[in-house]
Structure formats: structure tokens, C-alpha cells
There are 2 protein chains.
Amino acid sequence: MLSLHQLRCFLATYEHGSLTAAAEELGYAQPSVSEQIRGLEKTLGVSLFRRVGRGVVPTTVADTLRPHAERTIAAAEETRLAAQRVRRLETGTIRFGMFGVARLYAGAGLVADVLARHPGVRVELVGQNSTEVQEDLRRGRLEAAMVAIPNVTSEGMDVIPVARDELVYISADPERLTSPATAARLAKASLVMPDTTYRADDSVRIILRRMLHETGLNPQTRIEVEDPEIAVELVGMGLADSVLPRGAAEQLLPRLAPNAGFVSLRPRQWDYFAIVHRSGATLSPAAQLMIELATARIQAIAEPVR
Amino acid sequence: MLSLHQLRCFLATYEHGSLTAAAEELGYAQPSVSEQIRGLEKTLGVSLFRRVGRGVVPTTVADTLRPHAERTIAAAEETRLAAQRVRRLETGTIRFGMFGVARLYAGAGLVADVLARHPGVRVELVGQNSTEVQEDLRRGRLEAAMVAIPNVTSEGMDVIPVARDELVYISADPERLTSPATAARLAKASLVMPDTTYRADDSVRIILRRMLHETGLNPQTRIEVEDPEIAVELVGMGLADSVLPRGAAEQLLPRLAPNAGFVSLRPRQWDYFAIVHRSGATLSPAAQLMIELATARIQAIAEPVR
DNA sequence: TGGTTCTCAAGGAGATTCCTATGCTTTCAC
DNA sequence: GTGAAAGCATAGGAATCTCCTTGAGAACCA
């Protein structure tokens with residue numbers, strides 16, 4: 001079987017016109033190079049050097065093959081260098097999951113942070129849909145992700161909470177903002193809920209359900225949408241109210257629903273943001289970088305945990 | 001150290017998303033492929049696959065490296081194919097030595113013969129100068145040659161005579177062509193002698209010296225030139241006479257000295273043509289081809305030996 | 001939950017690689 | 001010519017690598 005080692009020996013021998021000199025350059029003993037050349041001649045079925053007393057002389061076959069050998073070695077070297085560049089994050093792709101509302105805390109800014117440190121890399125921030133992120137993580141297509149979670153455990157996954165943010169009630173009706181939203185008021189409200197978290201069950205919904213369950217009531221979700229942006233727009237149009245983490249509300253309201261405002265819940269509730277990856281996985285430098293930067297971003301807006 | 005084997009395993013695994021499937025394609029057991037991948041990851045210092053329960057999933061690093069690996073494998077394959085093409089004489093260079101008068105017997109026609117059989121090859125017919133050919137053979141730069149020889153032995157060389165041709169006396173003076181040239185007449189003639197053979201000592205000269213030595217006379221070489229063509233032209237101008245193998249004379253006289261003619265020597269003398277190569281060498285198919293074709297060509301004009 | 005399909009780990013056989021030492025041929029200098 | 005030097009081939013042995021088989025553990029699917 002053809003090997004790079006043989007080609008390396010071939011080129012060194014060709015250039016020096018001597019097995020001994022080639023061996024010296026490669027740091028081997030002369031018989032080793034001799035053996036490699038013989039092996040190469042055998043695998044290719046051609047004679048590459050004429051053994052002529054003192055030294056060896058390349059045949060015309062060797063002349064013909066040399067450029068090919070050089071190209072092959074160069075390609076291999078390029079492969080090695082590409083790996084090195086990727087390892088140093090000078091190039092390559094960094095893929096990171098970030099679902100729903102989390103990207104409002106650390107979306108474009110996070111990408112900017114990465115590019116500032118590593119201008120050559122490609123960044124992929126995936127997460128259109130919560131189940132997709134979850135599936136990607138489970139299947140290994142995604143190494144790590146920043147997500148909002150309903151609870152801090154998940155089988156087969158390491159979930160590391162990094163921040164929490166208070167949930168707030170959002171409405172375009174000023175009357176509903178005069179006092180904190182209680183369970184009773186939430187039960188009567190008609191709500192638009194975005195799908196913002198990692199598990200199929202949205203964390204905000206779980207929290208609300210728990211809150212209302214204690215009062216014996218059920219939440220009335222009138223509208224379900226995917227993006228928090230759409231939910232906020234609908235709130236702005238007065239078609240429904242909503243519940244979102246405060247940071248998201250502060251970011252979206254001025255832009256999408258300037259006539260709306262928000263108040264705390266009573267009792268106050270928190271949504272948690274966490275880093276998630278497969279249990280026991282050794283994280284790549286790229287993933288560690290993303291985790292570090294995403295955590296910094298989100299902790300600048302929401303309240304750090306631990 | 002990076003190896004083609006590792007890259008082959010990498011690509012097969014990447015394409016199948018499975019070590020087992022890759023192993024099956026490559027005809028190995030699965031742990032072997034696993035080991036190769038692990039080795040590649042170690043030499044490159046990057047993680048290429050995420051081991052995820054059932055199967056493996058390529059990382060973004062693997063995505064980046066794949067085209068490089070493919071190029072490297074393709075280059076190696078191209079090297080292998082190039083060797084194969086050379087071996088089949090579909091391409092490559094065939095170098096063959098052919099000195100002096102020999103090329104008049106098998107020069108352009110020989111090249112035509114080679115190209116008719118192997119249209120893709122490059123042909124190099126070397127031999128400006130006899131000492132050069134000899135040196136090239138000795139040094140291994142030339143595998144084999146067709147030469148005129150003064151005697152059939154040469155140290156370190158295998159010399160295989162293939163044909164002989166009668167030496168003839170050439171002159172532009174019709175009076176000197178009325179009867180065979182004797183040693184006495186040769187001794188008195190003023191001759192132009194080309195340098196036509198393999199050893200530093202020209203075979204024709206040696207023959208003449210031997211011939212005249214028996215009569216106690218010495219040859220008078222008036223002019224020395226390299227090419228037989230120039231010698232014949234000088235004969236045509238009447239400036240000197242010459243001695244050449246008959247086939248060469250028949251070929252050159254009509255073209256370069258139409259007013260000249262030739263007669264035999266008395267006693268008749270022969271110049272020998274032989275294949276020469278290093279003793280004990282295993283000849284390449286290309287060299288064997290050249291020897292075969294050159295022999296056929298020369299035997300069509302001169303008298304076959306053995 | 002049980003069966004199937006994976007990967008990983010360990011151990012051993014065989015091949016390869018690489019070394020040192022030595023012999024043989026060619027080349028070079030005196 | 002003859003001896004010394006240079007350079008390749010060969011031989012033998014140690015270390016490494018490659019590859020296999022077997023068995024264990026994990027994850028998926030019904």
C-alpha cells in the first residue's frame with residue numbers, strides 16, 4: 001500500500017541522489033530509507049533508482065513521478081496545517097446552539113465577541129426551534145447550547161445554570177400594569193406564548209402552570225407562536241398579553257410594542273438560562289470559548305447564578 | 001505521523017457516519033478503523049468525531065478537514081496511476097543512447113517505431129559525443145545504448161553485438177574507386193575521420209591502425225571531425241577521403257557528396273554495432289523495447305550477428 | 001423491557017519499521 | 001596499483017504498529 005512515508009523517502013533520495021544523505025536529512029538510518037524505496041518500487045511496480053556503485057541515480061520514471069509525489073506530500077502537509085489552523089481557531093466553523101429568548105440576551109453580540117477574538121472563523125448559531133436544538137444535542141450534531149430551562153436536570157445531559165431572569169407580565173393595557181400580576185389575574189388573562197426553551201415543554205409555561213396550579217386555576221393560552229418577537233408584536237397590537245423574562249421584555253418592547261409595559265409577577269418567578277451538553281463530554285476549545293462568551297453576555301443582562 | 005491510511009479511514013467513516021460501516025467498506029475489523037481515527041485525532045490534535053451512543057457524528061473540524069483529506073488521497077491515487085501509466089508505456093520518458101554513425105541506421109525511424117507503438121511517451125535519443133554516452137552509461141544516467149564498437153568487451157559493461165557492416169573507402173576521385181583500397185593506399189591517402197563510436201578510441205581508426213600495422217605503415221588522418229555528415233561533405237568537396245561503414249556511406253553520399261563513391265577495403269574489414277548496458281543490470285521494459293526496435297532497425301540495413 | 005446495533009477496551013498474533021553491524025562495490029588519492 | 005573512503009545491500013534483532021477476536025457497555029427501537 002502506498003504511503004506518505006515512502007514518498008517522503010523517495011523525494012529526499014531524489015533530491016540528494018543518495019540514500020545516505022536522504023537518511024540523514026530524514027533522521028533515519030540508511031537501511032531504513034533503502035527499505036522504504038524498495039517498498040515503494042514494489043508497490044508501484046516500477047524502478048525508481050539505478051543503484052550504481054557509489055550513490056543512486058533516478059530513472060526517467062522517477063523524474064515523471066516526482067511532481068506527483070510532491071503534490072501528494074504538499075496536500076498532506078496542507079491537511080496538517082488546516083487542522084492546526086482550526087485548532088488555533090484561526091479558521092473553521094464554530095457551531096453553537098442558542099434557542100429562543102436566549103438569543104435576545106447573547107445573539108448578535110455573541111457573534112461579534114467571537115469574531116473579535118477569532119476573525120477567521122465561521123460562526124453558526126443554530127436554534128430555530130427548541131426540539132431541533134434538543135435533538136441536535138442528543139444526536140451529537142451540536143456540541144453545546146445555551147438554553148432556557150424549566151428545570152435543571154435532563155437525562156444524559158449536563159445542564160449548568162448560569163443566570164436567571166425574573167418573569168414579567170407584558171400588556172398594552174396600562175390598567176393591567178398598575179400592580180404585580182397574581183395567579184388569579186394570569187388565569188383570567190388571554191395570553192400569547194412563544195416557544196422559547198430547550199425542552200418540548202416551554203419553561204415559562206411550566207412555571208405558570210405551577211403557579212396557577214397552587215391556586216386551582218388553569219392558564220389560558222390563547223395564541224401560540226414561535227418567536228418572542230411575534231408575541232411581543234401581538235401584545236403591542238392589544239390582541240393578548242404575555243409573560244417573558246425581563247431582559248427579553250426590556251429589549252423587545254421599545255422596538256416592537258412601544259405602547260406596552262410590564263410588571264412583576266406575584267409571587268415573583270424566575271426563568272433559568274443554562275449551558276447544556278452531553279453528559280461526560282470533553283468540550284472542544286471552540287465550545288469552551290462559546291460557553292465562556294455566551295455566559296458573560298447573558299450574565300451582563302440577567303442575574304448570575306452561583 | 002500523518003498517514004494516508006488514517007485519511008482513508010477518516011473519509012470512509014465520515015461518509016458512513018459509522019466506524020463499523022467504514023470498516024466493512026475498507027475490509028477491516030471495526031476496532032482497527034477506530035484505532036486509526038484515534039491516531040489521526042492524536043496526530044492532528046483535534047477531535048474529528050463525537051462518539052454518540054450508536055454511531056459517530058463528524059465535528060465541524062471534520063467538515064473542514066474533509067476536502068483536504070480528499071485532495072490528499074486523490075493526489076496519492078494520481079501518483080499511483082501515473083506510475084501505472086508509465087509502466088504500461090502510456091506516458092513517461094524513454095531515454096536511449098545512440099552514438100555517431102549508429103543513428104544513421106536507426107535514428108528517426110527508431111523514434112517513429114517507438115511512437116507508433118506508444119504514442120504517449122517522450123523519447124530522448126542521447127549521444128552527441130561518444131565519451132558522453134560512455135560516461136552516462138557508467139554513471140547510470142543512461143540505461144542502455146546502441147553503439148559502434150572496436151572490440152566486444154568493456155569492463156563493467158555488457159556488450160551484445162547485433163550487427164556488422166563492411167567498411168568502405170569513400171572518395172570523390174573516380175580513379176581511387178576503380179579497385180579495392182589496400183593498406184598501402186590507405187597509408188598514403190589523406191583521410192577525414194569522424195568520431196563515431198562508444199569508446200574514446202574510434203573503432204574505424206582502430207581497425208585501420210591494425211590493418212596498416214601489419215604492413216608496417218601508419219595511417220594519415222588529416223582531418224578530425226565529430227559528425228560523419230561533415231566528413232562526407234569534406235569528401236564531396238574533394239578535400240580528403242574517408243572510411244565509413246557501408247550503410248552510412250550509402251545513406252550519406254547521395255545527399256552530401258553526390259559526386260563521390262566508395263569501394264571495399266582489401267582485405268575486407270567490419271565495424272560492429274552492439275547494445276551496451278551495465279553488467280548485471282535488470283533492464284526496464286522501456287529499455288528492452290528500445291533494444292528490440294533498434295536492433296531490428298540496424299539489422300535491416302547491416303548484417304545481423306549471431 | 002429485551003433485543004439489536006453500535007463503540008470501546010483488552011490481549012495476542014503477525015507484519016512492519018528501524019536500528020546496528022557487516023560485506024561488497026566503486027571511487028579517489030597517493 | 002593499492003589502500004582508504006564512500007555508499008548501498010544484507011542480516012539479525014528489538015520495538016512498534018496493525019489488525020484481529022472477544023467481551024463489555026451504551027443507546028436505540030419495538
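In this text the structure is predicted, and so the values were computed from the model without any measurement. Values below: all heavy atoms of this structure, side chains included; hydrogens, waters and symmetry mates excluded. Just so it is clear: chains get the letters A, B, ... in the order the sequence lines come, proteins before strands, and each one is counted from 1.
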*For R138(B) and for Y28(A), find the nucleotide of DNA chain C with the closest heavy atom, then tell me which residue's nucleotide is more 5'.*
Y28(A)
*Grab the NE2-P distance between H5(A) and dT16(C) for me, whole Å please.*
15 Å
*Between dT10(D) and S34(A), is there an OP1 or OP2 to side-chain N/O distance shorter than 4.0 Å?*
no
*Distance, rounded to the nearest Å, where Q6(A) contributes CD and dT17(C) contributes C1'*: 12 Å
*May I ask you to say what R38(B) touches in the nucleic acid, namely base, sugar-phosphate or nothing, with a heavy-atom cut-off under 4.0 Å?*
sugar-phosphate
*dA9(D), dC6(C), dT18(D): which one has an atom nearest the side-chain heavy atoms of R51(A)?*
dA9(D)
_Chi angles and distances behind the side chain to side chain contact (heavy atoms under 4.5 Å, CB included) call for Y272(B), V162(B)_ = CA-CA 8 Å; Y272(B) 283 80; V162(B) 294; over 6 Å; no
*A12(B) backbone acceptor or donor facing H16(B) side chain under 3.5 Å*: yes
*Please determine if R71(B) and E78(B) form a salt bridge, counting it only when a charged side-chain N lies under 4.0 Å from a carboxylate O.*
no
*Starting from P on dC19(D), measure out to CD1 on I37(B) and report it in whole angstrom.*
12 Å
*Among the candidates dT7(C), dT27(C), dA27(D), find the nucleotide nearest to the side-chain atoms of R278(A).*
dA27(D)
*Considering only side-chain heavy atoms of A29(B), which listed nucleotide, dT21(D), dC18(C), dC19(D), is closest?*
dT21(D)
_Output the rounded distance in Å from CD (E24(B)) to P (dT7(C))._
11 Å
*asked:* Looking only at the side chain of Q36(A) (C-beta and beyond, no hydrogens), which of the listed nucleotides dT7(C), dC18(C), dC19(D) gets closest?
replied: dC18(C)
*asked:* Assess whether a salt bridge exists between R80(B) and E77(B), defined as any Lys/Arg side-chain N lying under 4.0 Å from an Asp/Glu carboxylate O.
replied: yes
*Provide, to the nearest angstrom, the distance between the CD atom belonging to E35(A) and the C1' atom belonging to dC17(D).*
14 Å
*Nearest of dT18(D), dC19(C), dT7(C) to any side-chain atom of S32(A)?*
dC19(C)
_Can a side-chain donor-acceptor contact be found between S284(B) and E143(B) if the only test is distance below 3.5 angstrom?_
yes
*How many Å lie between NE2 on H16(B) and C1' on dC6(C), as a whole number?*
15 Å
*What nucleic acid atoms does G140(A) come within less than 4.0 Å of, heavy atoms only: base, sugar-phosphate, or nothing?*
nothing
*Given that P31(A) and V52(A) both sit by DNA chain C, which one's nearest nucleotide is further toward the 5' end?*
P31(A)
*So does R139(A) get a side-chain nitrogen or oxygen closer than 4.0 Å to the phosphate oxygens (OP1/OP2) of dA27(D)?*
no
*Does S18(B) make a side-chain N or O approach to OP1 or OP2 of dT7(C) shorter than 4.0 Å?*
yes
_Interatomic distance, Q30(B) CD vs dG25(D) P [rounded to whole Å]_ = 16 Å
*asked:* Rounded to whole Å, how long is the line connecting atom CG of L48(A) with atom C1' of dC8(D)?
replied: 16 Å
